[in-house]
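Worth saying up front: this structure is predicted, and the values here are computed from it rather than measured.
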Amino acid sequence: MSEASIEWNSINCALAGTKKVKFKYALERGIRNLDVYVNGTKVISDAAFDATGSWGIWEEKTIQIPMNSGINTLKVVTTGTEGPNLKSIHISSQ
């Protein structure tokens, strides 16, 4: 499905700045790309998620994104026909 998305709301950051976002994902083959939005603004275009070799093999990809102090929203949107299977995210400071 083109432009499918997942959104996480109410991400509370004590301080503004660049954060590490670690995605746990699976992808049988190929590369699938996601656009990344923070608070409605695209901050990364076509973040590439490489194949893990199976839909049952989970790997991690870390990207860095800016976030404001206070409440933030993080959204990822597919740029092709589909994205990888996302299991979880973990956000941390630098």
Side-chain angles (χ1 to χ4, degrees):
M1 168 184 283
S2 183
E3 296 187 10
S5 65
I6 300 174
E7 183 171 299
W8 295 270
N9 299 301
S10 301
I11 301 169
N12 191 10
C13 295
L15 300 171
T18 302
K19 309 299 179 190
K20 292 181 184 178
V21 181
K22 186 185 306 180
F23 293 89
K24 191 166 193 176
Y25 76 98
L27 176 59
E28 186 173 37
R29 63 181 172 268
I31 297 172
R32 303 230 176 130
N33 298 323
L34 298 175
D35 285 343
V36 181
Y37 294 80
V38 175
N39 302 320
T41 300
K42 186 189 293 187
V43 295
I44 296 178
S45 295
D46 294 320
F49 286 75
D50 297 324
T52 62
S54 168
W55 292 112
I57 297 174
W58 300 95
E59 291 188 8
E60 295 177 342
K61 176 179 180 70
T62 301
I63 61 172
Q64 296 185 8
I65 60 169
M67 288 195 166
N68 299 328
S69 62
I71 302 300
N72 292 268
T73 299
L74 172 65
K75 181 178 181 178
V76 294
V77 180
T78 60
T79 63
T81 56
E82 296 180 341
N85 285 355
L86 297 178
K87 185 174 188 175
S88 64
I89 63 169
H90 177 78
I91 301 172
S92 61
S93 61
Q94 290 299 85

Approximate separation, where rounding is to 0.5 Å, of [X] [atom1] and [Y] [atom2]:
{"X": "Ser54", "Y": "Arg29", "atom1": "OG", "atom2": "CZ", "value": "11.0 Å"}
{"X": "Ile31", "Y": "Phe49", "atom1": "CD1", "atom2": "CZ", "value": "12.0 Å"}
{"X": "Ile91", "Y": "Thr62", "atom1": "CD1", "atom2": "OG1", "value": "11.5 Å"}

Is it true that [X] and [Y] fall in one hydrophobic cluster, defined by side-chain heavy atoms closer than 4.5 Å?
{"X": "Val36", "Y": "Ile6", "answer": "yes"}
{"X": "Ile71", "Y": "Ile65", "answer": "no"}
{"X": "Trp8", "Y": "Val77", "answer": "no"}
{"X": "Ile89", "Y": "Met67", "answer": "yes"}

Just list the side-chain donor-acceptor pairs under 3.5 Å for residues 11-28, sequence neighbours left out, or say none.
{"from": "Lys19", "atom 1": "NZ", "to": "Leu15", "atom 2": "O", "distance (Å)": "2.8"}
{"from": "Tyr25", "atom 1": "OH", "to": "Asp50", "atom 2": "N", "distance (Å)": "3.4"}
{"from": "Tyr25", "atom 1": "OH", "to": "Asp50", "atom 2": "O", "distance (Å)": "2.8"}
{"from": "Glu28", "atom 1": "OE1", "to": "Trp55", "atom 2": "NE1", "distance (Å)": "3.2"}

### Message
Ignoring hydrogens, what is the shortest heavy-atom contact between Thr78 and Glu82? Give both atom names and the distance.
### Response
CG2-C, 3.6 Å

#### Entry: Exercise: identify the closest heavy-atom pair between Leu86 and Trp58
C-CZ3, 4.4 Å

Donor-acceptor contacts, no H, no angles, side chain residues 39-48, under 3.5 Å, sequence neighbours left out:
{"from": "Asn39", "atom 1": "OD1", "to": "Thr73", "atom 2": "N", "distance (Å)": "2.8"}
{"from": "Asn39", "atom 1": "ND2", "to": "Asn72", "atom 2": "OD1", "distance (Å)": "2.8"}
{"from": "Lys42", "atom 1": "NZ", "to": "Asp35", "atom 2": "OD2", "distance (Å)": "3.3"}
{"from": "Asp46", "atom 1": "OD1", "to": "Thr79", "atom 2": "OG1", "distance (Å)": "3.1"}

### Query
Counting only heavy atoms not in Lys75, do more than 12 fall under 6.0 Å of its NZ?
no

### Message
For Ile57, is there any backbone N or O sitting under 3.5 Å from a side-chain donor or acceptor partner on Thr52?
### Response
yes

